[in-house]
Amino acid sequence: MADFALPAVFLPLLGAFIAGFFGRAIGDRASQIVTCGCLGIAAIFGILVFNDIAVWHHTAVVPVFTWIDAGQLKVAWSQKLDTLSAVMVAMVTVVSFVIHVYSVGYMEHDPSIPRFMSYLSLFTFFMLMLVTASNFVQMFFGWEGVGLASYLLIGFWYDRPSANAAAIKAFVVNRIGDFGFALGIFAVYYLFGTLDFAPVFGATPGMVGKTFLFLGMHLDALTVCCILLFIGAMGKSAQIGLHTWLPDAMEGPTPVSALIHAATMVTAGVFMVCRLSPMFEHSPVALGFVVVIGGTTCIFAATVGIAQNDIKRVIAYSTCSQLGYMFFAAGVSAYQASMFHLITHAFFKALLFLSAGSVIHAMSGEQDMRKMGGLWRLIPATYIVMWVGSLALAGIPPFAGYFSKDVILESAFASGTEVGQYAFVLGTFAAFLTAFYSWRLLFLTFHGQSRADHETLHHVHESPKVMLYPLYLLAAGALVMGGLGYHWFVGGGAKEFWGNSIVVLPAHAGIAGAEQVPFIISILPLVAGLIGIAVAWYAYIRSTRVPAETAKAFEPLYLFLLNKWYFDEIYNFLFVRPTFWLARLLWRRGDGTVIDGFGPDGISEVTGDLSVRTSRLQSGYVFQYAFAMVIGVAIFVSWFLFWRSA
C-alpha cells in the first residue's frame with residue numbers, strides 16, 4: 001500500500017516543482033508534459049490504492065517521518081489509508097489529471113503556462129496531503145495549502161484588478177473559517193492531550209457529557225470542538241455566511257474553477273466532517289447545526305442561481321447548493337451518502353465547468369448567457385456533454401446525480417428529526433430550482449436566436465480534441481458512476497466497503513433509514529426535477545416573454561436574488577467599510593501624525609530647524625564672536641556668584 005500511496009501523493013508535487021522552478025528553461029510544452037505525466041501516473045497509483053484498500057479492505061497508517069517532537073506534543077507525518085482516504089485519493093488524482101489535460105488546450109495562448117501548470121499540480125498535492133492525513137496538524141497543513149493554491153490560481157491573471165480582488169477575498173474569508181478550525185484543533189488538544197486521529201476517536205465516547213470553560217461559559221466539550229471544526233468547513237466549502245468568496249473565484253481560468261469546485265478545496269470540508277464522524281456522532285447539537293447550515297445553504301444558493309447571467313457563476317452557485325446537500329447528509333449521519341454525492345458531483349461538476357469553458361473558448365471569452373444563444377449547431381459536441389452534466393446535476397436517471405442526491409433526501413426524511421425534515425423540504429425544493437437553472441443555462445446558451453455580435457459569432461468554433469476528450473471521459477463518469485458505485489457506497493455492500501473509516505451510532509438511522517421511506521417520498525425529487533425542466537422549457541423556449549414579465553412583476557424579489565441576498569452589500573457595510581475607515585485613521589492619524597510626527601519625522605524636522613538657526617550664528621564677523629564670548633562669560637560668572645552666595 002505504501003508503494004502505491006506515496007507516489008500517488010508526491011508525484012504532483014514533483015511535477016509542480018519542475019514546472020515551477022524550471023519552466024522557463026524547459027519551455028511550455030515540456031512543463032505541460034511533466035505535470036500531466038506526473039498526474040497521469042499518480043492517477044494510476046490512486047486507482048491502485050483504491051483497489052487495494054477499498055476493494056480488498058486493507059487499511060494502514062504508513063509513517064513517513066517524525067514532524068514535531070516538542071515536549072508532550074508529538075506529531076508524525078504519516079498517511080492514513082482506509083476506504084475514506086482511498087476514495088478521495090482516486091477521485092482527486094483522476095479528476096485533476098483530466099483537468100490538467102484539458103488545460104493544455106484551454107491555456108494554449110497564455111504567456112505563463114509553466115506557472116499555471118505548476119499551481120494546478122501544487123493544488124492537487126495539498127489536497128492529497130489533506131485527505132491522507134493521520135492527525136489534525138497534517139490535515140491543517142493540507143487545509144492551508146489548498147487555501148494558498150486557490151489564492152495563487154484565482155489571482156493567476158494578476159494584471160486584472162478583479163482577479164486580484166477575488167483572490168484576496170477568497171484568502172481573507174477562508175482565514176475567518178480557518179481561525180475557527182485552528183481553535184477547534186486547540187480545543188481537541190486541550191481535551192484529549194493528542195492530535196492523532198486514532199487516540200482521539202478512541203477516547204471520544206469517554207468525553208461525552210464533559211464540559212469546559214469557553215468564553216466564560218461551561219459548555220459541552222465535544223460540541224464546542226465539533227462546531228469550531230465545522231466553522232473551518234464552512235469557510236472551505238462555502239457554506240452560507242462564509243460563501244461569498246466562491247462566486248468571485250470565477251475570475252480565475254476555467255480549469256481552476258473546475259478543480260476548486262469538483263476535486264479539491266470545497267470538498268475538503270465535507271471530507272473533514274466525514275473523517276471526524278466518530279466525534280460528530282457523539283454531539284447531537286453539532287450534527288443539528290451541520291444540518292441547518294447545509295439545508296439553508298442548499299436553498300440559498302439554488303435561489304441565487306436562477307437569477308445569475310454569467311454561465312460560470314450559475315454553475316458556481318450550483319456547487320454551493322450541492323455542498324449543502326452533502327453537509328446535511330452528514331448532519332443526519334448519512335456520511336456514506338454525503339461521500340457518494342461528493343464523488344458523483346466531482347465528475348458532473350467538473351464536466352459542467354469544463355463544458356462552460358468550451359463555450360467561453362468558442363465565444364472568444366464571452367461569459368454572459370444573454371449574449372449567446374443558438375450555439376448547439378456550431379459546437380454540437382460541447383452541447384451534448386453539457387446535456388449529460390445537466391441531467392446528472394438535476395438527478396435524472398440513469399445519470400449519477402439521481403442515485404446520490406435521492407439517497408441524501410431519503411436519509412434526511414428518514415432521520416425522524418425536525419432538522420432532518422427541514423433539510424428534506426428545502427432540499428426537495430432546491431431539486432426543482434436546480435433543474436430549472438440548469439435548463440435555463442442550456443436554453444439561453446444553445447437554443448433560440450443568437451444574441452452574439454457578428455464578429456464573435458463569426459469566430460465560434462468547436463474546441464480542440466485535447467479539450468474534448470477530457471469532456472468525454474467526465475461525461476462517461478457522470479453517466480455511470482452512480483449506478484456503479486451505489487452498491488458499495490450506500491447499498492447492501494456499504495457496511496463492508498466503508499469498514500471503520502466511518503462511524504455511525506446505532507441510535508442514528510443514517511443511510512439505513514433511506515430504504516424504509518414511502519414510495520412518494522422516494523420519487524418526489526425526480527418529480528421536482530422534471531417540473532423544473534418543464535418550467536424552464538416553457539419560460540425560455542415556448543414563451544420567451546415570461547422571464548422578463550416575471551422579473552418586472554416581482555422586481556424586488558428579482559433584485560434580491562440577482563444581488564445574492566445582498567450578502568456582499570451587508571458585509572461591506574458592517575465589516576469592510578468600518579475596517580477601511582479604521583485603517584485610514586490609524587494610518588493618517590496614528591502612524592502619520594503621532595508616530596511619525598513625534599518620532600523620526602518630528603525629530604528630523606526639529607534637528608533641521610535647530611541646525612538652520614545655529615548656522616545663522618556663524619556670520620564670520622570677529623566682533624560678533626567677541627560679543628558672544630563676553631555675554632557667555634557674564635552669564636557664567638553671574639551663575640557662579642549666585643551659586644556661591646546660596
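You'll find the side chain of Asn174 stays beyond 4.5 Å of the side chain of Glu144, heavy atoms only. Inter-residue side-chain proximity for Thr267 and Met88 is flagged as met; some heavy-atom pair is nearer than 4.5 Å. Side-chain contact between Leu130 and Phe126 is absent, with no heavy-atom pair separated by less than 4.5 Å. Counting heavy atoms from C-beta outward, Leu13 and Ser121 have side chains that stay 4.5 Å or more apart. Taking the side chain as every heavy atom from C-beta outward, Met369 and Gln308 never approach each other to under 4.5 Å. Between Leu444 and Met372, the closest side-chain pair of non-hydrogen atoms is not below 4.5 Å. Using a 4.5 Å cut-off on side-chain heavy atoms (C-beta onward), Met386 and Leu351 make no contact. You'll find the side chain of Met326 reaches within 4.5 Å of the side chain of His345, heavy atoms only.
The two residues Val34 and Gly15 come nearest to each other via the heavy atoms CG1-CA, 4.0 Å. Residues Gln239 and Gly324 share a closest heavy-atom pair of OE1-CA, 3.7 Å. Nearest heavy-atom pair, Thr382 versus Ser355, reported as atom, atom and distance to 0.1 Å: CG2-O, 3.6 Å. Closest approach of Val146 and Met265 over heavy atoms only: O-SD, 3.6 Å. Ala249 and Ser257 get closest at one heavy-atom pair: O-OG, 4.2 Å. Across all non-hydrogen atoms, the minimal contact from Thr254 to Gly357 is CG2-CA, 3.5 Å.
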>> side-chain contact (heavy atoms from CB on, under 4.5 Å) for Phe50 and Val89? Distances and angles first, verdict last.
In response: CA-CA 8 Å; Phe50 175 83; Val89 168; over 6 Å; no

>> Between Phe156 and Arg115, does the side-chain contact (heavy atoms from CB on, under 4.5 Å) criterion hold? Intermediate values first, please.
In response: CA-CA 9 Å; Phe156 177 76; Arg115 180 165 60 91; 3.3 Å; yes

>> Pair Phe300, His243 - check ring pair (Phe, Tyr, Trp, His ring centres under 6.0 Å), show working.
In response: CA-CA 11 Å; Phe300 152 72; His243 70 280; 4.5 Å; yes

> When you look at Leu471 and Val98, which way does the side-chain contact (heavy atoms from CB on, under 4.5 Å) test go after all the steps?
Replying inline: CA-CA 8 Å; Leu471 295 181; Val98 172; over 6 Å; no

>> If you apply the rule side-chain contact (heavy atoms from CB on, under 4.5 Å), what do you find for Phe116 with Gln32, and how did you get there?
In response: CA-CA 9 Å; Phe116 181 77; Gln32 293 169 335; over 6 Å; no

> When you look at Ser134 and Ser78, which way does the side-chain hydrogen bond (donor to acceptor under 3.5 Å, both in side chains) test go after all the steps?
Replying inline: CA-CA 6 Å; Ser134 65; Ser78 55; 2.5 Å; yes

>> For a side-chain hydrogen bond (donor to acceptor under 3.5 Å, both in side chains) check, start with the C-alpha distance between Thr124 and Ser96, then their side-chain angles and the critical distance, and finish with the verdict.
In response: CA-CA 7 Å; Thr124 306; Ser96 182; 2.6 Å; yes

>> Between Asp368 and Arg451, is the salt bridge (charged side-chain N to carboxylate O under 4.0 Å, His left out) condition met? List the steps.
In response: CA-CA 10 Å; Asp368 193 333; Arg451 298 173 297 278; over 6 Å; no

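Applying the 6.0 Å contact sphere to CZ of Phe140 captures more than 12 heavy atoms from other residues, nucleotides or ligands. Residue-environment remark: OH (Tyr566) exceeds the threshold of 12 foreign heavy atoms within 6.0 Å. By the neighbour-count criterion of 12 heavy atoms within 6.0 Å, atom OH of Tyr151 is sparsely surrounded, having that number or fewer from other residues, nucleotides or ligands. Atom OH of Tyr469 sits in a sparse spot, with 12 or fewer heavy atoms from other residues, nucleotides or ligands closer than 6.0 Å.
We find the CG-CD1 distance between Asn164 and Ile154 to be 11.5 Å, quoted to the nearest 0.5 Å. A distance of 12.5 Å separates NZ of Lys564 from OG1 of Thr303, quoted to the nearest 0.5 Å. Between atom OG1 of residue Thr297 and atom CZ of residue Phe327 there is a gap of 8.5 Å, rounded to the nearest 0.5 Å. Here the CG atom belonging to Leu393 is positioned 10.0 Å from the OG1 atom belonging to Thr344, to the nearest 0.5 angstrom. The distance from the CD1 atom of Ile41 to the SG atom of Cys36 is 11.5 Å, given to the nearest 0.5 Å. Taking CG of Asp310 as the start and CD of Glu366 as the end, the distance is 9.0 Å to the nearest 0.5 Å.
Using the six-membered ring where Trp is involved, Tyr571 and Phe567 have ring planes that are perpendicular, over 60° apart on the 30 and 60° scheme. Using cut-offs of 30° and 60° on the angle between ring planes, the pair His261 and Phe353 is tilted.
With Thr445 contributing its side chain and Leu442 its backbone, the two residues share no donor-acceptor pair below 3.5 Å. Using a distance-only test at 3.5 Å, with no hydrogens or angles considered, no donor-acceptor pair links the side chain of Ser237 to the main chain of Met234. Side-chain atoms of His361 do not come within 3.5 Å of backbone N or O of Val359 as any donor-acceptor pair. For Asp178 (side chain) and Phe181 (main-chain N/O), no donor-acceptor pair under 3.5 Å exists by modelled atom type. The backbone N or O of Ile47 lies less than 3.5 Å from no partner atom in the side chain of Asn51, so there is not a single donor-acceptor pair. With Glu462 contributing its side chain and Ala381 its backbone, the two residues share a donor-acceptor pair below 3.5 Å. The backbone N or O of Cys298 lies less than 3.5 Å from a partner atom in the side chain of Ser321, making a donor-acceptor pair.
In the model, Trp157 has a side-chain atom that pairs as donor or acceptor with a side-chain atom of Asp110 under 3.5 Å. Side-chain contact of Thr244 with Lys169: a donor-acceptor pair under 3.5 Å is absent, judged by distance alone. For the residue pair Ser85 / Asp82, a side-chain donor-acceptor distance below 3.5 Å is found, with atom types taken as modelled.
By the 6.0 Å and 45° rule, Lys80 does not stack over the aromatic ring of Phe197. Remark: Arg175 is positioned above the aromatic ring of Phe171, its terminal NZ or CZ atom under 6.0 angstrom from the ring centre and at most 45 degrees off the axis.
For an aromatic pair to be called close, the ring centres must be under 6.0 Å apart, and Tyr437 with Tyr317 fails this. Ring to ring, Trp376 and Trp387 are not that close: their centroids are 6.0 angstrom or more apart. In this structure, Phe399 has its ring center at least 6.0 angstrom away from the ring center of Phe348. Between Phe136 and Phe141, the ring centre distance reaches or exceeds 6.0 Å. No close placement of the Phe489 and Phe403 rings is indicated, their centers lying 6.0 Å or farther apart.
With sequence neighbours excluded, the residues that form a ring pair (Phe, Tyr, Trp, His ring centres under 6.0 Å) with Tyr106 are Tyr102. For Phe347, the ring pair (Phe, Tyr, Trp, His ring centres under 6.0 Å) test picks out no residue, with sequence neighbours left out. Residues satisfying the ring pair (Phe, Tyr, Trp, His ring centres under 6.0 Å) test with His341, not counting sequence neighbours, are none.
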